[in-house]
Structures are given as C-alpha cells and as structure tokens.
Amino acid sequence: MEKLIEQFSFGLFIWQSLIFVLLLILLKKFAWKPILNAVNEREEGIKNALAAAEEARKEMQNLQADNERILKEARAQRETILKEARELKNTIIAEAKEQAKEQADMLVVQAQQSILAEKQAAVAEIKKQVSELSIQIAKKVVANELSIKGNQEQLIENLLKESNIN
Amino acid sequence: MFFVFNKKLTFAPILIRLTENQRFMIHQSMRRTLTLLLLTLGWVSYAQHEPLAQDEAGGDLKAKIKADIQHHLQDSYDFTLLSDEETNIHYGFSLPVILWNDGLKIFSSSKFHHGEEVAEAGGNYFMLYHNKIYKTDAEGTLNFDENHHPTNTKPLDFSITKSVFSTLVVSLLIFLLFSSLAKSYVKNGGIGKGIGRFFEPIVLYIRDEIAIPNIGEKHYKKYLGYLLTVFFFIWFLNMFGLTPLGINVTGNIAVTFALSLITFLITNLTANKNYWKHIFWMPGVPMPMKIILAPIELLGVFIKPFALMIRLFANISAGHIVLMSLIGLMFVFKTWLGSSLSFMLAFAISLIEVLVALLQAYIFTMLSALYFGFAVEEHEHEEAHH
C-alpha cells in the first residue's frame, strides 16, 4: 500500500482525468448521441414497420372476411332471387291456368248459351214453319173440309184441342 | 535458485486476494503453474549439472527479469519498444517532460538518457531516479535519508509519459472509430458501416443489459454516455496492454483512481434525496440500527469506488506480472521442456488475459451502472408494501 502511494503519479492522474473527461465530452457529442439516435430511430422504424405489417395483415384479413361475407350474401341473394323467380313462375303458371280455365268456362257457357239461343231460335223457326205449314195444311184441309159444314166445326174443335196440347 | 522467482510471483496472489471471484480462476491456474514449475524445475536441476558460474548468471537473469517487470509496471518518461543491453541502445522515442518548478520547464526526455544523465532546463537540474524526477545540482547528487529515499525536492510533474501518450493515442483511436460509425449511420440511412459496426452490438448490449436494468428506464440516458465511454476506454487500454507495445495504463493506480473518482463524483453529485436518506437514516429499520448503519453506509460510499479502483488496477497488474514472469521463465529455463512449457503457459495465460481485459471493462461499467442505479433509485413502490 505504501509502495502504491509512493508510486502514485499526480501528473498522470491529472492528465488521465483531463483526457478522459475530454474524450467523454467529445464522444457524447460526436459519437454516442448520433449512434444512439440512429439506433433508436432504426428500432422505432422496425417497430413501426412491424406494426404496419400487422395492421396490413389485419386489414387483409378484414378484407378477406368482407369478401367472404359479400360472396355469401351474393350467394344467398341469388338463392332468394332464384326462389322468387321460381315462385313467380309458379304463380304465373297457376294464374295463367286459372285464367285459361275461366276463359274456357266462359266460352263453354257462352257456347252453351248460344247453343241454347240457336236451339230456341231453331225451335221457334220450326214452330213457325210448322205452324205455317200447319196453317197451309189447315188451309188446304179447311178448304177441303169447309165444303162440308159439320166437319168444319169439328175440325176447328180438334185443332184447338191439338194446339192446346202443344 | 527458484526462490527469487517464487517471491516475485507471490506478489500476484496478494493483489488477487483483493479482487473478486472472477480472478479466482487465474489464481487457481497460477497455483497450478507454481506446482508444475516446482516439479519441472526440480527435475531440470537434477538433470542439469550446471557449473557454478552459469548458475550465477542465471541468478542475474532472474534479477533482471524482476527489474524488467517492475520497470514495465511503472510509467516511464520515454516510449521504449526494445533495448539492447549490451550496446545500451534503446529503440523507441522520447516524450516531452513538463515540470513546474520556478516556472514551466519543458524538455525532451532524451535529455535524461534513460536516467544516466542530469537534465538541465532553464538553469535548473533534474535527475531521474527510480522513475521519479528529482531536482538536483549540476552534478546530479541525490541525498538519501535512512530509508534510502531521496530527500531532494520533487518538481510538480505533468510530463507526457508513456501512459499519457498511450492514453492519448487510444482515446484518439476510440474517438475516430465511434465518430466514423456515427457518421456512417447518417450516410447509409440508419445502418452502420465499416469496422465500427462490430462495436454496435456492444454499444447496444451496454444500453440494454447494463444501463437499463441497473439504472432504470427513466434515468439511464443521463449516464449512458459515461458508461459507454468508460467501457471502451478500459477495454481498449486493456487490450493494448496485451500487445507487445508494452504499455500498462489500466494497471496504473493513478489511472484507475482517476476513473473511479469520476464514477464516485457522478454517483454522489447526481444522487437523489432517497440515496442520502438510505445512507444517513435508513428507512424501515429500528432506531438503534439507523445509528449503527449510518457510518457503515457512509463508509460504503467511499469503499465502492475504492474497490473499483483496486479491482481494475490489481487485475491488470497481476495479469501483466504473471504474463511477463512466464515469458521471463522461457529464458530462465534453458531447456526445451521448461521453455516450451513456459511458452504454452504464457500463451494460455495471455488468452485468459484477453478475456480478463473484456471482463474488467465490463465489471467496471456494470458496477458503475449499479452505483448510479442506487443514486437515482426511487423507493415509492418499496414503501408501498411496508
């Protein structure tokens, strides 16, 4: 210990302190500050880049999810549209059928009505013709019969009876 | 024969005892080394029948190695890389000596001629003795007291010594390295480039594993600059200490004192009310305990940085001593077995020293962060569950 104290060089101590403090100040200003700043910046950059990548990944996932959702929706929509179309088709067909049936029924009814009318007209015609014919016949008969007086009255009576039956 | 050397080696364990567990490993390996050396040496000395003259030369060599190690551990006034003992030529360069004695005296350390000559500056004469500068007369006479310490006056010494020079160079290197890294961020759009990039993970490690967990998310920014600087400063100086340049900056008590003093100052100058309350009036303990704890805690304030100082100094010095001793051993054993064994040991220890260089820097930084954490800790949550 005594030897150490004896060997202690004050000049060396002073120089050493001076050089070290100077080195410390210079390094702090010209080396450590820029180095640590650069490293910090780089670290920040890396951190930001990682965060951005993560963000992008999430966004991508979101997009993908969106896409899937939209696709699903589109598919569902297609289904509904198809279903609606099918229903529409069915209703249209049904309606058409109904209408056709109605039309047909109406036609049938009309036909029937016209047939009936025709028939009635025909019957009327026939009646008319028959009556005319009858009258002509009757005229002839009457002309014939009227020559005989008794027969005339009987004939009228019979004719009236016959016409009543009709 | 071995005794001289053994004594030298025991210096290292003494230093190691002062330190923490992480040095235990080295302590153990050193013990093993010693045992191994004793065994080998025994075997070698039986096998070799050296003449007496050679034995004495061996003793000289050991004394020289010891002196070299001592010399290495201390600071020096010139930067010597190699020296040739026979021709007395030193390869290296001299550094400026700056003294304050009757005014400022600046001259080259080459004037001392490695302590052999008296240097004259501005009418005053200075002499280098045991790595210290003393003021002498023109002949360079030194007066000694009974303890063999020179009584001559020591001028105030602000010389650019080998350690100061190395620190300057390494600091410049650190500054260039990290400022270029900082610039490359701007140029490359936030990504570092070049050699500095290797240190970026370490910077982040210090921020994320040392500063934030110990100090807390809220306050760490204030201290991060110091922690980073002190980590790289200690680490680089430790690593340069392991190169063959032979510098020993962090193994110098003045250097570790300067560093731990700064940690001490930062800790206590930025401390909040809570920190002082925990020192002088520990909450949550009975009254007599508060009185007993106060001086202990106050002592702790000084012991903490003191331990930082001693730990770093002792670890690095011990490492240098062990390493140099093992390298010295290669020359002491003049046998293929002993020398190659020492080489292997020196190699293994230097690998451990590389680890220790990093570890000590880490520990210093870690503990500084811990102390800063104590200084700014907020105890609201703790009081809540009392």
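All values below come from the heavy atoms of this structure, side chains included, with hydrogens, waters and symmetry mates left out. Protein chains get the first letters and strands the later ones, always in sequence-line order, with residue 1 at the start of each.
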Contact class of Ile262(B) relative to chain A, heavy atoms under 4.5 angstrom: side chain
Residue Ile14(A) versus chain B: region with a heavy atom under 4.5 Å: side chain
For the student: nearest non-hydrogen atoms of Ser171(B) and Leu23(A), plus distance: O-CD1, 3.4 Å
Heavy-atom pair count under 4.5 Å with chain A, highest-scoring of Val186(B), Leu261(B), Leu259(B): Leu259(B)
Toward chain A, the part of Asp75(B) with a non-hydrogen atom under 4.5 Å: side chain
Minimum side-chain heavy-atom gap Val164(B)-Gln16(A) below 4.5 Å: no
Nearest non-hydrogen partners of Tyr226(B) and Leu24(A), listed with the distance: CA-CD1, 3.5 Å
Under 3.5 Å side-chain donor-acceptor pair for Trp32(A) and Thr229(B): yes
Chain B interface, residue from Val39(A), Leu12(A), Leu36(A) that has the most non-hydrogen pairs under 4.5 Å: Leu12(A)
Portion of Thr161(B) that has a non-hydrogen atom of chain A nearer than 4.5 angstrom: side chain
Any Tyr185(B) side-chain heavy atom under 4.5 Å of Arg42(A) side chain: yes
Heavy-atom closest pair, residues Gly225(B) and Lys28(A): CA-CE, 4.0 Å
Between Leu204(B), Ile98(B), Leu177(B), the one whose heavy-atom pairs under 4.5 Å with chain A are most numerous: Leu204(B)
Over 12 non-hydrogen atoms of neighbours within 6.0 angstrom of CD1 in Ile195(B): no
Closest heavy-atom pair and its distance - Ala182(B), Phe30(A): CB-O, 3.4 Å
Partner of Phe257(B) by ring pair (Phe, Tyr, Trp, His ring centres under 6.0 Å), out of Phe10(A), Phe20(A), Phe13(A): Phe13(A)
